[in-house]
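Here's the structure we're looking at; comments come further down.
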Amino acid sequence: MTDDLGLNAYQRLAGRTAQYPGRGAKPMSAYPALGLAGEAGEVCEQIKKAMRDDGGEITPERHKALKKELGDVLWYLAALAFELDLDLSDIAQANLDKLADRKARGVLQGSGDER
Ligand SMILES: [Mg+2]
């Protein structure tokens, strides 16, 4: 297991296997966004099956399947970020900054993207 693979390094390496219609085209291809939604659905499907078949328990087999599906989510996220000329590390840092700001202002809970 690699514990020091940075997000941008992952994004670059994932790009080596990124072959889909319209990669890098302008206007941006919808392909990676559709793939991201599809793979997120596959994650949810695994959770649904855990509820239906295993009383909500994540079995070792399910855990393995979820790891694979989460990897697929990450791959499509990297591809979508590429299409938007964004680095995964910049996205991650901006998210952490947003959440830290909300925590400091006591608005972690609630709703609305711009709170
Ligand atoms: Mg998948």
Side-chain angles (χ1 to χ4, degrees):
M1 178 168 33
T2 302
D3 66 356
D4 60 356
L5 178 60
L7 288 170
N8 288 348
Y10 171 81
Q11 188 175 12
R12 281 191 301 276
L13 292 169
R16 293 181 182 177
T17 57
Q19 298 176 351
Y20 52 81
R23 177 164 169 81
K26 303 294 181 197
M28 183 186 84
S29 171
Y31 190 93
L34 296 170
L36 180 59
E39 296 299 341
E42 291 185 35
V43 170
C44 293
E45 186 73 11
Q46 288 294 328
I47 300 297
K48 182 199 79 177
K49 289 178 178 175
M51 294 173 69
R52 183 190 66 193
D53 300 338
D54 302 316
E57 179 186 351
I58 303 299
T59 63
E61 296 79 18
R62 186 90 55 210
H63 190 269
K64 185 177 178 182
L66 280 162
K67 182 178 178 182
K68 290 173 71 173
E69 298 304 347
L70 288 169
D72 291 342
V73 166
L74 184 60
W75 190 93
Y76 276 107
L77 179 63
L80 182 55
F82 168 82
E83 297 294 342
L84 294 167
D85 296 321
L86 291 170
D87 291 334
L88 285 182
S89 65
D90 290 341
I91 295 169
Q93 188 63 59
N95 180 258
L96 290 173
D97 292 347
K98 177 187 75 175
L99 295 173
D101 179 65
R102 285 182 182 174
K103 184 176 183 181
R105 292 183 295 110
V107 293
L108 267 179
Q109 296 183 346
S111 60
D113 285 344
E114 300 302 326
R115 68 182 183 275

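Just so you know, ligand 1 is whichever comes first in the structure, and atom 1 is the first atom listed for that ligand. In what follows, every heavy atom counts, from backbone to side chain, and hydrogens, waters and symmetry copies are set aside.
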Atom pairs and distances, donor-acceptor, side-chain atoms in residues 33-46, under 3.5 Å, two or more places apart:
from	atom 1	to	atom 2	distance (Å)
Glu45	OE1	Lys48	NZ	3.4
Glu45	OE2	Lys48	NZ	2.8
Gln46	OE1	Arg62	NH1	3.0

Identify all side-chain donor-acceptor contacts of residues 78-89 below 3.5 Å with residues at least two apart in sequence or on another chain.
from	atom 1	to	atom 2	distance (Å)
Glu83	OE1	Gly24	N	3.2
Glu83	OE2	Tyr20	OH	2.5
Glu83	OE2	Gly24	N	3.1
Ser89	OG	Asn8	OD1	3.1
Ser89	OG	Asn8	ND2	2.7

Sorted by chain and residue number, the salt bridge (Lys or Arg N to Asp or Glu O under 4.0 Å) partners of Asp90 (sequence neighbours excluded) come out as none

Count of protein N, O or S atoms below 2.8 Å from the Mg ion (ligand 1) equals 4

query: Would Ile91 and Leu5 show up in the same hydrophobic cluster when neighbours are defined by side-chain heavy atoms closer than 4.5 Å?
result: yes

Applying the 4.5 Å side-chain criterion to the ILVMFWY set and letting contacts propagate, would Leu70 and Ile47 be lumped into a single cluster? yes

Note: Pro32 and Ser29 closest approach over all heavy atoms is CD-O, 3.5 Å

